[in-house]
Number of protein chains: 2
Amino acid sequence: MKSRKATSHEVARLAGVSQSTVSRAFNRESAVSEETLKRIRAAANKLGYWPNELARSLISRRSNMVGIVMGDILNPFYPAVLAAFTQKLQALGRRILLFSVAPGADIDDVLPQMLQYQVSGVVITSATLSSRMARTISASATPVVLFNRSIYGHPVNSVCCANEDGARDVARLLCEAGHVRFGLVGGHADTSTHIERRQAFVEELRRHGICGVVEHSGGNTYEGGRTAARLLLDAAQRPTALFCISDIMALGALDATRYDLKLSVPDDVSIVGFDDIPAAAWPSYQLTTVQQPVDKMVDQAIALLERQIKDTAAPPSQLHIPGTIIVRTSARLGPQPTHAASRPSGERGRKRG
Amino acid sequence: MKSRKATSHEVARLAGVSQSTVSRAFNRESAVSEETLKRIRAAANKLGYWPNELARSLISRRSNMVGIVMGDILNPFYPAVLAAFTQKLQALGRRILLFSVAPGADIDDVLPQMLQYQVSGVVITSATLSSRMARTISASATPVVLFNRSIYGHPVNSVCCANEDGARDVARLLCEAGHVRFGLVGGHADTSTHIERRQAFVEELRRHGICGVVEHSGGNTYEGGRTAARLLLDAAQRPTALFCISDIMALGALDATRYDLKLSVPDDVSIVGFDDIPAAAWPSYQLTTVQQPVDKMVDQAIALLERQIKDTAAPPSQLHIPGTIIVRTSARLGPQPTHAASRPSGERGRKRG
DNA sequence: CTGAAAGCGCTTACAG
DNA sequence: CTGAAAGCGCTTACAG
């Protein structure tokens with residue numbers, strides 16, 4: 001009950017071998033004779049022995065831990081991201097040191113903490129990295145990958161959805177349907193996702209001859225999206241199409257349109273989101289949106305990180321993985337091509353290139 | 001760029017003091033003279049030195065890490081739980097080692113890993129603990145708290161919502177509204193939450209003279225709840241009230257009722273959930289449910305854990321924190337008392353004791 | 001207030 | 001295949 005944990009020395013004594021042999025039995029069993037291995041296993045079992053990872057990490061200088069900074073776990077897009085990271089990293093034998101920071105806050109405080117634990121690498125999701133910290137990181141030589149964030153002017157790995165392409169497609173399809181008055185519900189103005197999606201959307205509208213877009217921030221929350229939509233749709237010249245920078249805000253916007261303003265979606269107002277969170281597919285919403293390929297993105301992020309862990313000198317990459325427009329019923333879009341593939345799941349939405 | 005991390009010895013050399021003094025400067029600065037402290041700080045700064053937590057943990061035998069096992073992060077109830085744990089533990093100066101296990105899977109594999117990292121304590125959320133592992137834990141003398149799970153016959157800390165009381169209230173209010181045909185959408189049959197909520201619900205119905213409840217498992221997912229509801233409501237003797245063991249299933253059930261079966265909620269079918277996830281409050285759902293007091297529960301869980309970390313001999317507690325019925329519009333319930341308090345937030349739901 | 005020394009529990013050359 | 005020894009980077013009595 002009060003038993004202190006057994007050490008390799010105690011196992012060694014019980015098995016009648018040296019401590020180094022016990023250590024080898026747990027690292028490269030091939031280096032230990034069959035017979036000895038058996039005795040050591042029996043002894044270890046009896047004492048409930050497992051190697052102390054702290055000591056192991058200290059001497060071998062690899063902690064095997066990866067730090068993850070989560071910026072916005074309450075946004076329904078991120079649980080799937082976190083689940084993918086934890087599963088895949090666990091499968092690689094890595095442990096996860098989790099830190100959360102308030103949305104919008106930067107990670108200057110938590111980064112030194114991670115480094116003190118000698119993490120092998122760091123994943124930063126949905127958080128702002130100050131350029132001071134970018135320097136701290138490169139000074140510490142700890143591999144880093146940004147997920148859904150990119151940073152200009154610093155050589156840091158990052159994996160994002162192709163935000164520009166997605167937003168441009170949305171703009172084009174809405175224009176082709178004849179919309180001329182647009183509203184945009186934005187996220188945090190200083191995040192790369194907001195900037196990239198907004199920029200590309202506005203530019204594409206301009207290419208179609210449309211110069212005005214009313215904008216409002218929805219702070220990347222349901223309530224924020226709802227409030228923003230209420231404000232945008234209350235105008236005399238009501239927009240007929242709303243592009244929301246993230247799905248969670250789009251759901252709020254959709255509910256505002258239907259329940260607060262008693263308007264019809266998509267007859268009065270078309271609403272498009274970005275992410276493809278689970279609720280977007282529910283029949284109450286049927287949200288047309290740009291799907292982020294979370295699994296692929298996480299795979300790539302881990303690959304970049306592992307590459308740099310293996311070779312610190314590996315040049316950082318900035319990856320942009322294409323998203324896919326999922327056409328559901330929340331928006332009046334341009335004419336649908338007849339060959340539009342229906343989704344494999346039998347779900348109602350259709351993908352569109 | 002390739003700089004290996006500085007050690008306390010290097011700082012000591014640069015500052016012209018001994019390594020032990022450097023160590024003291026980072027632990028109890030009061031034990032070091034003002035002047036020396038200044039020199040050490042300057043040196044540390046120059047070298048970018050921070051104490052290696054692994055070494056610190058090893059020698060002082062406290063890792064300061066708490067292991068968290070998340071069983072079901074994709075259920076929208078858990079992001080708030082994880083957020084609360086990470087925030088509050090971070091504020092206490094603890095680090096979080098995160099593990100995830102498939103829903104329903106037991107944690108026999110991950111537990112030894114956490115123990116190898118010498119975690120100060122373990123939080124287990126929404127996962128099954130085999131009795132073998134319960135023994136491993138008590139043998140390792142590592143403090144543990146179960147969150148939203150309890151385990152019979154083992155002295156382990158646990159914090160749950162008062163599942164029985166909540167489910168009983170739901171049953172009573174539905175009976176008082178005159179419902180006589182009931183359906184139950186369950187979760188995983190071997191979890192304490194399922195067992196307790198189901199049991200209390202069925203018992204209370206019996207007290208009201210109702211002996212038959214049709215049941216179906218919804219596996220604690222939206223899709224599962226939707227399918228289960230479709231099956232339950234397809235019967236000749238259609239239930240007029242569905243109790244869903246968790247909100248995420250209730251949302252699926254609600255959509256099934258409205259969109260798959262073209263029935264009205266609550267006129268044809270009343271639906272009640274359990275958890276009060278954010279989506280329950282959205283106007284598309286307006287789900288009547290039992291709210292789990294997540295913040296209070298997490299506070300208590302951390303308190304139990306910290307108590308046992310301080311004093312390994314502290315007797316384990318099993319806590320059941322009362323939930324609150326939030327009355328929205330998804331169910332036809334018994335006559336509402338006129339004094340029912342309206343919710344502070346101005347939200348439509350009403351609390352009910 | 002400061003330093004020399006022991007030691008946390010391991011891994012890993014180095015001999016044999 | 002096995003053991004003795006050095007050392008990872010710290011904390012913490014113990015002297016002075």
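Lettering follows sequence order; numbering is per chain, from 1. These numbers were taken from a predicted model, which means no experiment stands behind them.
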When we call it a touch if two heavy atoms are under 4.0 Å apart, what does [X] touch: a base, just sugar-phosphate, or nothing?
{"X": "Tyr49(B)", "value": "sugar-phosphate"}
{"X": "Ser33(B)", "value": "sugar-phosphate"}
{"X": "Thr36(B)", "value": "sugar-phosphate"}
{"X": "Glu53(A)", "value": "nothing"}

Quick check: are there more than 12 heavy atoms from other residues, nucleotides or ligands sitting under 6.0 Å from NZ of Lys88(A)?
-> yes

Hey, which sits more toward the 5' end of DNA chain D by its nearest nucleotide, Ala55(B) or Arg28(B)?
->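 The residue whose closest nucleotide sits nearer the 5' end is Ala55(B).
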
Test Arg56(B) against Glu53(B) for salt bridge (charged side-chain N to carboxylate O under 4.0 Å, His left out), laying out the working first.
-> CA-CA 5 Å; Arg56(B) 189 181 249 179; Glu53(B) 271 295 337; 2.9 Å; yes

Would you call Val159(B) and Leu304(B) a side-chain contact if the rule is heavy atoms closer than 4.5 Å?
-> yes

Is Leu97(A) close to Met65(B) at the side-chain level, that is, under 4.5 Å between some pair of heavy atoms?
-> yes

Along DNA chain C, first and last positions that approach a heavy atom of chain B under 4.0 Å |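 Endpoints of the contacted stretch of DNA chain C: dC1(C) to dG9(C).
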
Does dT2(D) have a Watson-Crick or wobble partner in any strand here, with both distances under 3.5 angstrom, and which is it?
->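 The base-pairing partner of dT2(D), which may sit in any strand shown, is dA15(C).
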
Using salt bridge (charged side-chain N to carboxylate O under 4.0 Å, His left out) as the criterion, point out the one residue from Arg24(A), Arg41(A), Lys38(A) that pairs with Glu29(A).
-> Arg41(A)

Evaluate the side-chain contact (heavy atoms from CB on, under 4.5 Å) criterion for residues Ser100(A) and Ile73(A): first the C-alpha distance (whole Å), next the side-chain angles of each, then the deciding distance (0.1 Å), finally the verdict.
-> CA-CA 8 Å; Ser100(A) 73; Ile73(A) 185 69; 5.6 Å; no

Could you check Ile59(B) against Ala31(B) and say which one's nearest nucleotide on DNA chain C is further toward the 5' end?
->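 The residue whose closest nucleotide sits nearer the 5' end is Ala31(B).
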
